[in-house]
Number of protein chains: 2
Amino acid sequence: MADIHPEHAHIIEQTKANMPSEEILEKTAEVFKVFGDKTRIRILAALSEGEMCVCCLCDLLEMSQSAVSHQLSVLKAARLIKNRREGKQIYYSLDDAHIGAILCTGISHVEEG
Amino acid sequence: MADIHPEHAHIIEQTKANMPSEEILEKTAEVFKVFGDKTRIRILAALSEGEMCVCCLCDLLEMSQSAVSHQLSVLKAARLIKNRREGKQIYYSLDDAHIGAILCTGISHVEEG
DNA sequence: TGAATATATGAACAACTGTTCATATGTTTA
DNA sequence: TAAACATATGAACAGTTGTTCATATATTCA
């Protein structure tokens, strides 16, 4: 690693002081990591239209029940979605408005090139 | 995979019709995947304060030059950052305003619990 | 209660990812 | 031009991740 030029030293200190804590940055990366998978993005995009049961998601995504269920549990553990039971079926939906907002911002970024 | 209840069939079709294309969803997942690493989030958070050269980033992050450089190339390939040369040094900065916005939304989500 | 339905979960495995180490490339200075 | 400096990059390796397969749990209905 190279030595630091004196004129850079205070920029480094100032930047360090202004940055969010390591804990916040770590958690933020974890959140984005959960968004960073095609299957999970497809699930979130579907749920942004409204709540949906597991079998509907399987049909919509054309994926096995097991694969969908595993990803739902990842999304739920990260508090990106929540669920409710109605008889035999379990309906999933986005956990809060932030989730839809993050998804939208990402999609917009891609669509606008 | 279970059979689809008739009353669910049109919800599935409608949701499918309203969802972004597979290509958009795939690219969106790829973007979030790049955000989904602690080292890269730290780099982006640092650059959101202003441009910075590689050796400053190494010092700030307390990481090897090689590790930082590899991640910078990932960020650049995904067009999240850009760079300019000034003499021996190369300064990196966020590619556009969207990047800072996505980062901020993610951090806010974490900070607000 | 037993069968059918809907969903969850553990194990296993291939594919992917991030760091390190060694080295290459490009720029400045002596 | 040679040495020093700043950054990039290929190979390798350990750790992580997403799917499949098999099976478990929970609810309803006959």
Side-chain angles (χ1 to χ4, degrees), chain A residues 1-8 12 25-26 29-44 47 51-78 80-93, chain B residues 1-8 12 25-26 29-44 47 51-78 80-93:
Chain A
M1 212 182 307
D3 288 344
I4 294 304
H5 295 197
E7 70 263 30
H8 283 162
I12 293 173
L25 293 173
E26 168 99 57
E30 291 306 312
V31 169
F32 282 127
K33 194 174 291 182
V34 177
F35 278 93
D37 173 78
K38 192 190 180 187
T39 296
R40 291 191 293 264
I41 283 285
R42 292 172 80 213
I43 291 173
L44 293 172
L47 297 184
E51 70 172 8
M52 198 169 287
C53 63
V54 180
C55 60
C56 283
L57 283 168
C58 293
D59 185 80
L60 178 65
L61 305 178
E62 298 178 66
M63 288 183 65
S64 74
Q65 182 268 317
S66 183
V68 171
S69 209
H70 273 296
Q71 295 302 353
L72 287 171
S73 83
V74 171
L75 288 163
K76 184 144 186 289
L80 268 55
I81 60 176
K82 59 190 174 187
N83 60 14
R84 69 180 181 85
R85 178 180 281 278
E86 186 176 309
K88 271 181 291 191
Q89 297 177 340
I90 295 184
Y91 286 84
Y92 281 88
S93 54
Chain B
M1 211 181 307
D3 288 343
I4 295 303
H5 295 197
E7 70 263 30
H8 283 162
I12 293 173
L25 293 173
E26 167 100 57
E30 290 306 313
V31 169
F32 283 127
K33 195 174 290 180
V34 178
F35 277 93
D37 173 78
K38 191 189 180 185
T39 296
R40 291 192 292 265
I41 283 284
R42 292 171 81 213
I43 291 174
L44 293 172
L47 298 183
E51 69 172 8
M52 198 170 285
C53 63
V54 180
C55 61
C56 284
L57 283 167
C58 293
D59 186 79
L60 179 65
L61 306 178
E62 298 179 68
M63 288 183 64
S64 74
Q65 182 269 316
S66 182
V68 171
S69 210
H70 273 295
Q71 296 301 353
L72 286 171
S73 83
V74 171
L75 288 163
K76 184 145 187 286
L80 268 54
I81 60 176
K82 59 191 175 187
N83 60 13
R84 71 181 179 84
R85 179 180 279 277
E86 186 174 308
K88 270 180 291 192
Q89 297 178 341
I90 295 183
Y91 286 85
Y92 281 88
S93 55

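Given the structure is predicted, the values throughout are model-derived calculations rather than measurements. We name chains A, B, ... by the order of the sequence lines, and we start the count at 1 in each one.
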Hey, does [Y] have a side-chain heavy atom less than 4.5 Å from the side chain of [X]?
| X | Y | answer |
| --- | --- | --- |
| B/Lys82 | B/Ser93 | yes |
| A/Leu57 | A/Leu72 | yes |
| A/Arg84 | A/Glu51 | yes |

Does [X] have a side-chain nitrogen or oxygen under 4.0 Å from the phosphate oxygens OP1 or OP2 of [N]?
| X | N | answer |
| --- | --- | --- |
| B/Thr39 | C/dT19 | yes |
| B/Arg40 | C/dT17 | no |
| B/Tyr92 | D/dA6 | no |
| A/Ser64 | D/dT20 | yes |
| B/Gln65 | C/dT20 | no |

Rounded to the nearest angstrom, tell me the gap between atom [atom1] in [X] and atom [atom2] in [N].
| X | N | atom1 | atom2 | answer |
| --- | --- | --- | --- | --- |
| A/His8 | D/dT7 | NE2 | C1' | 14 Å |
| B/Met52 | D/dA6 | CE | P | 16 Å |
| A/Lys76 | C/dT9 | NZ | C1' | 14 Å |
| B/Arg84 | D/dA8 | CZ | C1' | 19 Å |
| B/Gln89 | C/dT27 | CD | P | 14 Å |
| B/Leu72 | C/dG18 | CG | P | 13 Å |
| B/Phe35 | C/dG18 | CZ | P | 14 Å |
| A/Ile41 | D/dG18 | CD1 | C1' | 15 Å |

Original post:
Which part of the nucleic acid, if any, lies within reach of A/Lys33 when heavy atoms closer than 4.0 Å are counted: base, sugar-phosphate only, or nothing?
Top reply: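 Counting heavy atoms under 4.0 Å across all strands, the contact made by A/Lys33 is with sugar-phosphate only.
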
Original post:
Ring of B/His70 versus six-membered ring of D/dT9: centres under 5.5 Å and planes under 30°?
Top reply: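 Here B/His70 meets both the 5.5 Å and the 30° conditions.
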
Original post:
Closest nucleotide of DNA chain C for B/Gly87 versus for A/Cys53: which of these residues is on the 5' side?
Top reply: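 The residue mapped nearer the 5' terminus is A/Cys53.
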
Original post:
Between the main-chain N or O of B/Arg42 and the side-chain N or O of B/Arg40, is there a donor-acceptor pair closer than 3.5 Å?
Top reply: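 Side chain of B/Arg40 to backbone of B/Arg42: no pair is present.
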
Which nucleotide, [options], lies nearest any side-chain atom of [X]?
| X | options | answer |
| --- | --- | --- |
| A/Arg85 | D/dA26, C/dT27, D/dA8 | D/dA26 |
| B/Gln71 | C/dA8, C/dT19, C/dA6 | C/dT19 |
| A/Asp37 | D/dA8, D/dG18, C/dT9 | D/dG18 |
| B/Met63 | C/dT19, D/dT28, C/dT7 | C/dT19 |
| A/Ser66 | D/dA22, D/dT7, D/dT9 | D/dA22 |

**OP:** Look at the aromatic rings of A/Phe32 and B/Phe32 and report parallel, tilted or perpendicular, splitting at 30° and 60°.
**Re:**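 Parallel: the ring planes of A/Phe32 and B/Phe32 meet at under 30°.
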
